Engineer: 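One structure coming up, written as structure tokens, with questions to follow.
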Amino acid sequence: MDSSSMLYDKLKVAEPFFLLAGPNVIESEEHVLRMAEHIKAITSKLGLQLVFKSSFDKANRTSSKSFRGPGITEGLKILEKVKLAYDIPIVTDVHEAIQCDAVGRVADIIQIPAFLCRQTDLLVAAAKTGKIINIKKGQFCAPSVMVNSAEKVRLAGNQHVMVCERGTMFGYIELLCNADDLIVDPRNFEWMREANCPIVADVTHSLQQPAGRKLEGGGVASGGLRELIPCIARTAVAVGVDGIFMEVHDDPLNAPVDGPTQWPLRHLEELLGELVAIARVTKGKQQFAIDLTPFHD
């Protein structure tokens, strides 16, 4: 059995859930190695299967002037060092089909960004690496779309696929919410099971407020509702997701990317401990047997 199959089988049966976590973007080799060391220590203590996450390039920043990361060549070198130093699998995202081969030589899971979840050529190129593919549901997509996205990966010869909920954009309904906001519909966790693969909840990007923060001197950046990360995480675990995706930072106020939706490292063990406790008592992964026959005393 190859390494991708072995890891995929581990993730499918991980109890109470697996964790994809790390800083949003690679800021430096020293920072990423330090974050990996701390996060692995916490997840090992709690008995959670960890896949370390960080991006080598944030290609969809709000502004072209924003920090994007070290790029694919240097970024993959750093991620490979993390993988070898701490013996943990790696997940990172791709934005173009041409990146997939190189990323597949380092990463154990290739992540498809939400904006690109329907891009057939990208999905096929990622699938052909043989690595596990984690597809984030587009903010503009119904959960049923993920059935088709997962099927594109399988038809390309790769059965190792996961789908990830990260909120739905309702910005056009200004009576219901702010113009730049995301809503997490817990029903999506159930409906996405039609894709017949592990379901992941992105509990940090789900709380982004795209272009919701004005910058001094003009321009906008993504804002976020960090204080609600525990709310979304508790809900997802209670519903019975297979995995949690969350971005974690040791100094979120000074993080160069998505600071408002990165969870503070100092609170990671506390939050994960609570989520483990919830997951152990919920029956969310089991279909409720509803009896509609007439009730009689």
Side-chain angles (χ1 to χ4, degrees), residues 7-22 39-53 89 91 109 111 114 132 134-137 142-144 146-147 150 160-168 182-208 225-248 261-265 267-293 295:
L7 177 59
Y8 191 65
D9 288 346
K10 283 183 181 179
L11 297 179
K12 286 195 298 183
V13 300
E15 291 292 342
F17 53 84
F18 59 84
L19 180 69
L20 314 181
I39 296 173
K40 181 177 180 180
I42 292 168
T43 54
S44 296
K45 181 178 179 180
L46 296 173
L48 293 173
Q49 170 70 55
L50 170 67
V51 181
F52 184 79
K53 185 271 171 182
V91 55
I109 301 177
Q111 186 162 278
I132 300 168
N134 183 38
I135 312 171
K136 288 198 175 184
K137 180 180 75 63
S144 57
M146 301 311 289
V147 176
H160 307 140
V161 62
M162 310 189 298
V163 293
C164 180
E165 167 65 14
R166 57 96 73 222
T168 303
L182 296 167
I183 300 297
V184 178
D185 186 344
R187 299 176 299 177
N188 287 351
F189 297 130
E190 291 291 331
W191 290 332
M192 284 168 59
R193 291 195 183 280
E194 294 180 10
N196 193 30
C197 63
I199 307 299
V200 182
D202 181 342
V203 302
T204 49
H205 284 100
S206 294
L207 288 160
Q208 273 186 340
L225 301 169
R226 179 187 296 106
E227 67 276 11
L228 293 179
I229 289 172
C231 171
I232 301 302
R234 290 164 182 150
T235 301
V237 168
V239 171
V241 296
D242 302 288
I244 294 290
F245 176 104
M246 63 190 308
E247 292 183 331
V248 182
T261 51
Q262 296 209 60
W263 186 246
L265 177 63
H267 295 304
L268 181 60
E269 182 175 345
E270 179 184 4
L271 178 57
L272 289 178
E274 181 183 347
L275 298 181
V276 167
I278 294 171
R280 285 178 176 160
V281 297
T282 184
K283 294 184 178 179
K285 292 184 180 180
Q286 302 174 24
Q287 191 73 31
F288 201 100
I290 302 175
D291 186 351
L292 295 178
T293 58
F295 174 80

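These numbers were taken from a predicted model, which means no experiment stands behind them.
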Engineer: With rounding to the nearest 0.5 angstrom, report the OG to CD1 distance, S206 to I183.
Structural biologist: 10.5 Å
Engineer: Quick check: closest heavy atoms across N134 and C164, and the distance to 0.1 Å?
Structural biologist: OD1-CB, 3.7 Å
Engineer: Which heavy atom in L275 sits nearest to a heavy atom in V237, and how many Å separate them?
Structural biologist: O-CG1, 3.4 Å
Engineer: State which residues pass salt bridge (Lys or Arg N to Asp or Glu O under 4.0 Å) with K45; sequence neighbours excluded, sorted by chain then number.
Structural biologist: E269
Engineer: In chain order, what residues pass the ring pair (Phe, Tyr, Trp, His ring centres under 6.0 Å) check against F245, with sequence neighbours excluded?
Structural biologist: H205
Engineer: Measure the CE-CD1 distance between M192 and I135 for me, rounded to the nearest 0.5 Å.
Structural biologist: 9.5 Å
Engineer: Side chain of E165, backbone of G167: donor and acceptor closer than 3.5 Å?
Structural biologist: yes
Engineer: Which pair of heavy atoms, one from A114 and one from K137, lies closest together, and at what distance?
Structural biologist: CB-O, 3.5 Å
Engineer: Only one of V239, V163, T168, I199 clears side-chain contact (heavy atoms from CB on, under 4.5 Å) with N188; which?
Structural biologist: T168
Engineer: Please determine if R193 and D242 form a salt bridge, counting it only when a charged side-chain N lies under 4.0 Å from a carboxylate O.
Structural biologist: yes
Engineer: Sequence neighbours excluded, which residues qualify as salt bridge (Lys or Arg N to Asp or Glu O under 4.0 Å) partners of R226?
Structural biologist: none
Engineer: Would you please name every residue forming a ring pair (Phe, Tyr, Trp, His ring centres under 6.0 Å) with Y8, sequence neighbours left out?
Structural biologist: H160
Engineer: I need the minimum non-hydrogen distance between L7 and P89, along with the two atoms involved.
Structural biologist: CD2-CB, 3.9 Å
Engineer: Quick one: pull up CD1 in I229 and CD in Q262 and give me the separation to the nearest 0.5 Å.
Structural biologist: 9.0 Å
Engineer: Does any non-hydrogen side-chain atom of Q49 lie less than 4.5 Å from one of L19?
Structural biologist: no
Engineer: Can you sort out the partners of R280 under salt bridge (Lys or Arg N to Asp or Glu O under 4.0 Å), two or more places apart, ordered by chain and number?
Structural biologist: none
Engineer: Nearest 0.5 Å, what's the CD1-SG distance between I132 and C197?
Structural biologist: 11.5 Å
Engineer: Please give me the minimum heavy-atom distance between A201 and V241, naming the atom from each residue.
Structural biologist: CB-CG1, 4.1 Å
Engineer: Would you say T261's side chain and L207's backbone share a donor-acceptor pair under 3.5 angstrom?
Structural biologist: no
Engineer: Determine whether P230 and W263 make a side-chain contact, defined as any pair of heavy atoms from C-beta on separated by less than 4.5 Å.
Structural biologist: yes
Engineer: Rounded to the nearest 0.5 Å, what separation is found between the CZ atom of F17 and the CD1 atom of I244?
Structural biologist: 6.0 Å
Engineer: Strictly distance-based, threshold 3.5 Å: is any side-chain N or O of T43 a donor or acceptor partner for the main-chain N or O of K40?
Structural biologist: yes
Engineer: State the CG-CZ distance between L11 and F18, to the nearest 0.5 angstrom.
Structural biologist: 5.0 Å
Engineer: Considering only distance and modelled atom types, tabulate donor-acceptor pairs under 3.5 Å from the side chains of residues 285-292, sequence neighbours left out.
Structural biologist:
{"unit_1": "K285", "atom_1": "NZ", "unit_2": "P16", "atom_2": "O", "d": "3.0"}
{"unit_1": "D291", "atom_1": "OD1", "unit_2": "T293", "atom_2": "N", "d": "2.9"}
{"unit_1": "D291", "atom_1": "OD1", "unit_2": "T293", "atom_2": "OG1", "d": "2.6"}
{"unit_1": "D291", "atom_1": "OD2", "unit_2": "T293", "atom_2": "OG1", "d": "3.3"}

Engineer: So, the side chain of T204 versus the backbone of M246: is there a donor-acceptor pair under 3.5 Å, distance only?
Structural biologist: no
Engineer: Mind listing the closest non-hydrogen atom pair of P186 and V184 along with its distance?
Structural biologist: CD-O, 3.4 Å
Engineer: Less than 4.5 Å apart, side chain to side chain, heavy atoms only: is that true for Q208 and L182?
Structural biologist: yes
